[in-house]
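Remarks on the structure that follows.
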Amino acid sequence: VGTSPAMGRVYDLVARVAETDVSVLITGESGTGKELVARAIHARSARGDKPFVAVNCSALPEALLESELFGHTKGAFTDARAARKGLFQQAEGGTLLLDEIGDLPLGMQPKLLRVLQERKVRPVGSDSEIAVDVRILAATNRDLEAAVEEHAFREDLYFRINVVQINLPPLRSRGGDVLLLAQHILERCTARLAKRVVSISPKAAERLLGYSWPGNVRELQNCIERSVALSAYDQIGVDDLPDKVRNHRQAPAELTNPDASELVSLDEIERRYILHVLDVLAGNKALAAQILGVDRRTLYRKLDRYGQDS
């Protein structure tokens, strides 16, 4: 969800790379939606009707991670009472997402590299290899190039997984996407919570736009779900927002070039601000009118006066 130029570039890359079978590295801060992008690539690909399997490389110790990825034979280790297929085999014909690959233990990296090169896995405790047909997607919030320089990540593995890289922008750089996402999340969670909350008040929308969202989309989702749960009306108000969002204050704008010739009228300031809001919202006039606190007819009249196509 979003119309910002930054997300437009992501959509374009997803559409183009989905038609191929190359490995993709998805990067971005925590909470930006890396797994969602991976699922979108899989769904648009020729493998879309096959399994999509995800594993968090930081969630398991090395010994268990090897068994999780490659499987094991009966009796391979204590409690291995039966043979078990690993995630590579479970994803056969489909896509395997290696999430948080930057946290993959160094001891596992050459084993993974061999599988990616040979397209064969050796289950723990087995003497034979099994061929696998799996597309590999990887995701991380770490700087892998820096990790390679620090010898914390193998360079050959980095190049193997990073045929194409898709970098997800943080929410704070996506402008009006914040409100588009907020409305989308609102519609989804009102159905789940069975509450009639249909919109976000202009004042609350201003606070959402003014907040920096260090937790990105995940934090926004938490914020909207909380606000819907607490709202006593059909509209999210400022009082429904979490304290840190409600009380956040941006640094005041500084006036530059205090030359008399640079000063402009209030009408000109209003014109510039209205056009700036429209630019941030990618031309969404209905949303702009809501943020500006005017009805659409007033906004259209002002745009006509500015010589803008309304």
**Asn216: side-chain hydrogen bond (donor to acceptor under 3.5 Å, both in side chains) partners, not counting sequence neighbours** = Glu29
**Request:** Could you walk me through whether Cys223 and Leu241 pass side chain to side chain contact (heavy atoms under 4.5 Å, CB included), step by step?
**Result:** CA-CA 7 Å; Cys223 167; Leu241 300 175; 4.1 Å; yes
**Message:** Take a 6.0 Å sphere around CZ of Arg188 and say whether it holds more than 12 heavy atoms from other residues, nucleotides or ligands.
**Reply:** no
**Cluster check Val132, Ile161: I/L/V/M/F/W/Y, side chain < 4.5 angstrom** = yes
**Message:** Grouping I, L, V, M, F, W and Y whenever their side-chain heavy atoms are under 4.5 Å apart, do Leu171 and Val37 come out in a common cluster?
**Reply:** no
**Asked** Hey, does Val10 have a side-chain heavy atom less than 4.5 Å from the side chain of Pro169?
**Response** yes
**Asked** When Tyr211 is tested against each of Glu219, Glu206, Arg172 for side-chain hydrogen bond (donor to acceptor under 3.5 Å, both in side chains), which residue passes?
**Response** Glu219
**Request:** Report yes or no: does Lys195 contribute a side-chain atom to a donor-acceptor pair with the main-chain N or O of Tyr233 at less than 3.5 Å?
**Result:** no
**Request:** Determine, step by step, whether Gln90 and Arg84 satisfy the side chain to side chain contact (heavy atoms under 4.5 Å, CB included) criterion, reporting the C-alpha distance in whole Å, the side-chain angles of both residues, the deciding distance to 0.1 Å, and the verdict.
**Result:** CA-CA 10 Å; Gln90 294 177 36; Arg84 181 177 182 274; 3.9 Å; yes
**Item:** Exceeds 12 heavy-atom contacts within 6.0 angstrom, atom OH of Tyr306
**Value:** yes
**Asked** In terms of hydrophobic clustering (I, L, V, M, F, W, Y; side-chain heavy atoms under 4.5 Å; direct or indirect links), are Leu168 and Leu25 co-clustered?
**Response** no
**Message:** Arg207 vs Val238, test: side chain to side chain contact (heavy atoms under 4.5 Å, CB included). Steps then yes/no.
**Reply:** CA-CA 8 Å; Arg207 300 297 171 87; Val238 172; 3.6 Å; yes
**Message:** Could you report the tightest heavy-atom contact between Pro170 and Ser173, atom names first, then the distance?
**Reply:** O-OG, 2.9 Å
**Prompt:** Can you check whether Arg154 reaches Leu113 side chain to side chain, under 4.5 Å on heavy atoms?
**Reply:** yes
**Item:** From Met108 atom CE to Leu157 atom CG, the distance as rounded to the nearest 0.5 Å
**Value:** 10.0 Å
**Request:** For the pair Asp103 and Arg142, find out whether any cationic side-chain nitrogen is under 4.0 Å from an anionic carboxylate oxygen.
**Result:** yes
**Arg47 side chain vs Gly93 backbone, donor-acceptor pair below 3.5 Å** = yes
**Message:** Just by distance, no angles: are the side chains of Glu19 and Ser45 close enough, under 3.5 Å, to form a donor-acceptor pair?
**Reply:** no
**Asked** Quick check: does any side chain N or O of Arg135 sit under 3.5 Å from a backbone N or O of Val22, one acting as donor and the other as acceptor?
**Response** yes
**Request:** Could you tell me whether Arg160 and Asp156 have a side-chain N and a carboxylate O separated by less than 4.0 Å?
**Result:** no
**Complete:** For Pro123 and Ile130 the tightest heavy-atom approach is CG-CD1, 3.8 Å
**Message:** Is it the case that the side chain of Asp177 and the backbone of Thr3 share a donor-acceptor pair, with hydrogens and angles ignored and the cut-off at 3.5 Å?
**Reply:** yes
**Item:** Within 6.0 angstrom of Arg297 CZ, more than 12 heavy atoms from elsewhere
**Value:** no
**Message:** Pair Gln235, Ser201 - check side chain to side chain donor-acceptor pair (under 3.5 Å), show working.
**Reply:** CA-CA 6 Å; Gln235 187 177 69; Ser201 74; 4.7 Å; no
**Asked** Looking at CG of Leu116 and CZ of Phe88, how far apart are the two atoms once the value is rounded to the nearest 0.5 Å?
**Response** 5.5 Å
**Asked** Within a radius of less than 6.0 Å around CZ of Arg305, do more than 12 heavy atoms belonging to other residues, nucleotides or ligands occur?
**Response** yes
**Request:** Could you check if a side-chain atom of Ser23 sits within less than 4.5 angstrom of a side-chain atom of Asn162, using non-hydrogen atoms only?
**Result:** no
**Message:** Any side-chain to backbone donor/acceptor pair from Glu129 onto Arg122? Under 3.5 Å, distance only.
**Reply:** no
**Prompt:** Measuring from Leu220:CG to Arg174:CZ, what's the distance to the nearest 0.5 Å?
**Reply:** 9.5 Å
**Request:** Just do the side chain to side chain contact (heavy atoms under 4.5 Å, CB included) check on Asp99 and Ile101 with the steps written out, would you?
**Result:** CA-CA 5 Å; Asp99 199 7; Ile101 196 168; over 6 Å; no
**Request:** For the residue pair Asn141 and Ser30, confirm or rule out a side-chain donor-acceptor distance under 3.5 Å.
**Result:** no
**Asked** Roughly how far, to the nearest 0.5 Å, is OG1 of Thr32 from CH2 of Trp213?
**Response** 15.0 Å
**Request:** Determine whether Glu145 and Glu155 make a side-chain contact, defined as any pair of heavy atoms from C-beta on separated by less than 4.5 Å.
**Result:** no
**Fill in**
Correct closest heavy-atom pair for Gly237 and Asp240 would be N-OD2, 2.9 Å
**Complete:** Here the pair of heavy atoms bringing Tyr300 nearest to Lys285 is CE2-CD, 3.3 Å
**Prompt:** Has the side chain of Glu92 got a donor or acceptor atom that lies under 3.5 Å from a matching backbone atom of Val134?
**Reply:** no
**Asked** Would you say Asn284 and Leu180 make side-chain contact, with heavy atoms under 4.5 Å?
**Response** yes
**Request:** For Glu62, look at atom CD and say whether over 12 heavy atoms of other residues, nucleotides or ligands are found less than 6.0 Å away.
**Result:** yes
**Asked** Looking at residues at least two apart in the chain, or sitting in another chain, which of them share a side-chain contact (heavy atoms from CB on, under 4.5 Å) with Gln183?
**Response** Leu186, Glu187, Ile200
**Fill in**
CG (Leu60) and CG (Leu104) are apart, to the nearest 0.5 Å, by 11.0 Å
**Request:** Spell out, as yes or no, whether a donor-acceptor pair under 3.5 Å connects the side chain of Ser231 to the backbone of Val228.
**Result:** no
**Complete:** When every non-hydrogen atom of Pro51 is compared with those of His42, the smallest separation belongs to O-CE1, 3.5 Å
**Asked** Are any of the side-chain heavy atoms of Phe70 and Lys111 separated by less than 4.5 Å?
**Response** yes
**Tyr11 OH: over 12 foreign heavy atoms closer than 6.0 Å** = yes
**Request:** State plainly whether one hydrophobic cluster holds both Val148 and Leu106, where clusters connect Ile, Leu, Val, Met, Phe, Trp and Tyr through side-chain heavy atoms under 4.5 angstrom apart.
**Result:** no
**Message:** Looking at Arg39 and Phe52, would you say the former's side chain and the latter's main chain have a donor-acceptor pair under 3.5 Å?
**Reply:** no
**Prompt:** Can you check whether Ala82's main-chain N or O pairs, donor with acceptor, with His72's side chain at less than 3.5 Å?
**Reply:** yes
**Asked** Hey, is CD on Gln117 packed in by over 12 heavy atoms from elsewhere, all under 6.0 Å?
**Response** yes
**Prompt:** Is His248 reaching over with its side chain to a backbone N or O of Leu208, donor-acceptor style, under 3.5 angstrom?
**Reply:** no
**Prompt:** Measuring from Glu225:CD to Leu230:CG, what's the distance to the nearest 0.5 Å?
**Reply:** 12.0 Å
**Asked** Does the side chain to side chain donor-acceptor pair (under 3.5 Å) test come out yes or no for Thr27 and Gln165, once each step is laid out?
**Response** CA-CA 7 Å; Thr27 59; Gln165 182 173 342; 3.1 Å; yes
**Prompt:** Do the non-hydrogen side-chain atoms of Leu112 and Leu98 ever get within less than 4.5 Å of each other?
**Reply:** yes
**Item:** Check: Cys57 and Pro105 side chains under 4.5 Å, non-hydrogen atoms
**Value:** no
**Request:** Following the transitive rule for hydrophobic clusters with a side-chain heavy-atom cut-off under 4.5 Å over Ile, Leu, Val, Met, Phe, Trp and Tyr, establish whether Val24 and Val53 coincide in one cluster.
**Result:** no
